[in-house]
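Working notes, structure below.
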Amino acid sequence: MGYYEDNQTKDNKYHFKVINYRKAITAIRALDYEITSEEMARKIPRVGKKIAQKIGECVSLGRIKKLDHLDWDQERLKVETLFRSVYGVGAEKALEWYNKGLRTLDDLRKLPDLTKNQISGLHYYDDLQKRIPRAEVEEIGKVVESAAKKLHPDIQSQVTGSYRRGKPDCGDIDIVVARPDIDTGEELFLIMEHILNELIIQGFLVDHLSLPTWSDDMANAPKHFKYMGICKLPGKGSVHRHIDILVVPWIHLGAALLYFTGNDICNRSMRLLAANRGMRLSDKGLFTGVMRGPKRKRLNEGTWVAGRTEREIFDYLGINYLEPFEREC
DNA sequence: GCGCAGCGTCC
DNA sequence: GGACGC
DNA sequence: GCGC
Ligand SMILES: O=c1ccn([C@H]2C[C@H](O)[C@@H](COP(=O)(O)OP(=O)(O)OP(=O)(O)O)O2)c(=O)[nH]1
Ligand SMILES: [Mg+2]
């Protein structure tokens with residue numbers, strides 16, 4: 001029995017509801033048996049009283065009462081969801097525009113004060129809505145890898161994100177690039193620059209959503225760079241795709257892979273676990289000796305202890321290694 | 001009743 | 001510093 | 001909304 005319960009997120013209250021619905025859904029999806037009662041549902045971790053109750057309704061009535069009279073403000077929900085599906089449009093803009101009486105994407109296209117990313121998001125809207133088959137993700141991964149290896153043949157490039165978790169299709173392409181024993185911001189920025197120049201000349205990168213910025217302070221410190229843009233394989237019928245490229249210090253490669261492979265819920269759970277053990281986990285690594293004040297606010301940086309490999313981080317956290325395909329929650 | 005990840009860029 | 005994104 |  002499949003279950004889907006979708007909601008709209010508007011930060012600070014509904015936000016965590018939606019996250020918990022997602023957690024419950026993936027927990028249920030991981031089961032290999034049918035749920036036939038509310039009591040049975042209640043036993044599943046992350047399925048609490050309220051969600052179990054709804055499952056109970058679904059089993060006995062075939063529907064969820066709450067959903068019946070939900071259509072009420074459905075117009076607002078639908079329009080907000082549509083607006084938020086545009087890159088660069090979040091909860092705030094979507095609501096603001098709805099309240100101004102805007103209803104369609106063509107209404108948005110007429111606005112004079114769109115940001116650069118919103119303009120791109122609207123321009124490539126249809127293409128960006130399309131899922132990307134694994135085969136095309138691989139092809140795109142190779143384009144980036146060859147561009148990188150032109151500079152130094154020992155540069156490594158890996159496709160991460162949902163692709164690495166084994167999904168049959170992906171929302172975008174997430175790539176992590178690193179070079180053995182290269183850690184400094186200066187060297188890594190040059191690698192990033194080279195890759196981008198190369199891919200722009202090729203006509204592969206056609207638009208930029210967010211560019212890495214160079215600041216010469218701490219040029220010799222380990223520092224990573226993130227690029228976000230729009231790419232397109234050569235050929236007529238090819239579709240524009242959203243691509244994120246991360247160039248990272250060799251010592252942070254494991255942490256970066258862990259982060260960029262996700263999924264987001266898995267990252268947040270691991271980071272929470274680290275925090276509860278006096279540590280901090282980020283895309284740069286695992287840090288110990290982290291002090292936290294009231295409201296769990298971090299008081300110090302902590303000391304970097306792991307991040308070269310993913311396994312190192314799992315080990316240091318004292319949890320079993322998870323293969324990428326197992327990192328769904 | 002409380003907290004819920006951590007960090008970067010754009011504007 | 002908020003909005004938006006990964 | 002969930003777990004502590
Ligand atoms: O709020 C977020 C969003 C993403 N990520 C990490 C995990 C995620 O797997 C990775 C890449 O993000 P993306 O948005 O591309 O997600 P995905 O898991 O690759 O799914 P999709 O197929 O939609 O691209 O970045 C986070 O840590 N927090
Ligand atoms: Mg992705």
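Sequence lines set the chain letters: A, B, ... in the order given, protein chains first and strands last, and positions in each chain run from 1.
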Residue-phosphate contact under 4.0 Å: T213(A) side-chain N/O, dT9(B) OP1/OP2: yes
Rounded interatomic separation in angstrom, taking CE from M279(A) and C1' from dG6(B): 16 Å
Length of the line joining I19(A):CD1 and dG6(B):P, which is rounded to integer Å: 13 Å
Within residues 260-277 of chain A or reaching into it, pairs that qualify as salt bridge (Lys or Arg N to Asp or Glu O under 4.0 Å) - sequence neighbours excluded: R22(A)-D264(A)
Partners meeting salt bridge (Lys or Arg N to Asp or Glu O under 4.0 Å) with K110(A) (sequence neighbours left out): D107(A)
Sugar-phosphate, base or nothing in reach of H242(A), heavy atoms under 4.0 Å: sugar-phosphate
Rounded distance in Å between the P positions of dC4(D) and dA5(B): 15 Å
For chain A, the stretch of DNA chain C it reaches, first to last nucleotide, under 4.0 Å of its heavy atoms: dA3(C) to dC6(C)
Pairs of donor and acceptor atoms involving the side chains of residues 245-258 of chain A, under 3.5 Å and at least two apart or interchain, shall be tabulated with distances.
none

N197(A), I230(A), L196(A) screened by side chain to side chain contact (heavy atoms under 4.5 Å, CB included) with L205(A), the one that passes: L196(A)
Separation of dC11(B) P from E92(A) CD (nearest whole Å): 17 Å
Residue pairs involving residues 278-287 of chain A (criterion salt bridge (Lys or Arg N to Asp or Glu O under 4.0 Å); sequence neighbours excluded): R280(A)-E301(A)
Sugar-phosphate, base or nothing in reach of V290(A), heavy atoms under 4.0 Å: nothing
Length of the line joining R277(A):CZ and dA5(B):C1', which is rounded to integer Å: 16 Å
DNA chain C-proximal residues of residues 244-273 of chain A, any heavy atom under 4.0 Å: D244(A), Y259(A), F260(A)
Whole-Å distance separating the CG atom of L286(A) from the P atom of dC7(B): 12 Å
Residue-phosphate contact under 4.0 Å: K284(A) side-chain N/O, dG8(B) OP1/OP2: yes
Pairs touching residues 185-206 of chain A that satisfy salt bridge (Lys or Arg N to Asp or Glu O under 4.0 Å), sequence neighbours left out: K150(A)-E198(A)
Sugar-phosphate only, base, or nothing, as touched by K93(A) at under 4.0 Å among non-hydrogen atoms: sugar-phosphate
Sugar-phosphate only, base, or nothing, as touched by R22(A) at under 4.0 Å among non-hydrogen atoms: nothing
Nearest-angstrom distance from the residue atom CG of N117(A) to P of dT9(B): 13 Å
Salt bridge (Lys or Arg N to Asp or Glu O under 4.0 Å) partners for E96(A), two or more places apart: K93(A), K100(A)
Euclidean distance, atom NE2 of residue H15(A) to atom P of dC4(B) [Å, nearest integer]: 11 Å
Determine all donor-acceptor pairs shorter than 3.5 Å in which one atom belongs to a side chain in residues 314-324 of chain A; sequence neighbours excluded.
{"from": "Y321(A)", "atom 1": "OH", "to": "E310(A)", "atom 2": "OE1", "distance (Å)": "3.3"}
{"from": "Y321(A)", "atom 1": "OH", "to": "R327(A)", "atom 2": "NH2", "distance (Å)": "3.2"}

Distance in Å, L77(A) CG paired with Y98(A) OH, rounded so as to fall on 0.5 Å steps: 10.0 Å
Side-chain polar contacts of residues 209-224 of chain A - donor-acceptor pairs under 3.5 angstrom, sequence neighbours left out - could you list them?
{"from": "S215(A)", "atom 1": "OG", "to": "D217(A)", "atom 2": "OD1", "distance (Å)": "2.9"}

Sugar-phosphate, base or nothing in reach of L211(A), heavy atoms under 4.0 Å: sugar-phosphate
R280(A) CZ to dG6(B) C1', straight-line distance once rounded to whole Å: 8 Å
What does the list of N/O pairs under 3.5 Å between the protein and nucleotides 1-3 of chain B look like, with a distance for each?
{"from": "dG3(B)", "atom 1": "O3'", "to": "R296(A)", "atom 2": "NE", "distance (Å)": "3.3"}

Residues that F260(A) engages under ring-ring contact (aromatic ring centres under 6.0 Å, His included), provided they are two or more places apart: none
Minimum heavy-atom distance between N263(A) and C329(A), given as atom pair plus value: OD1-N, 4.1 Å
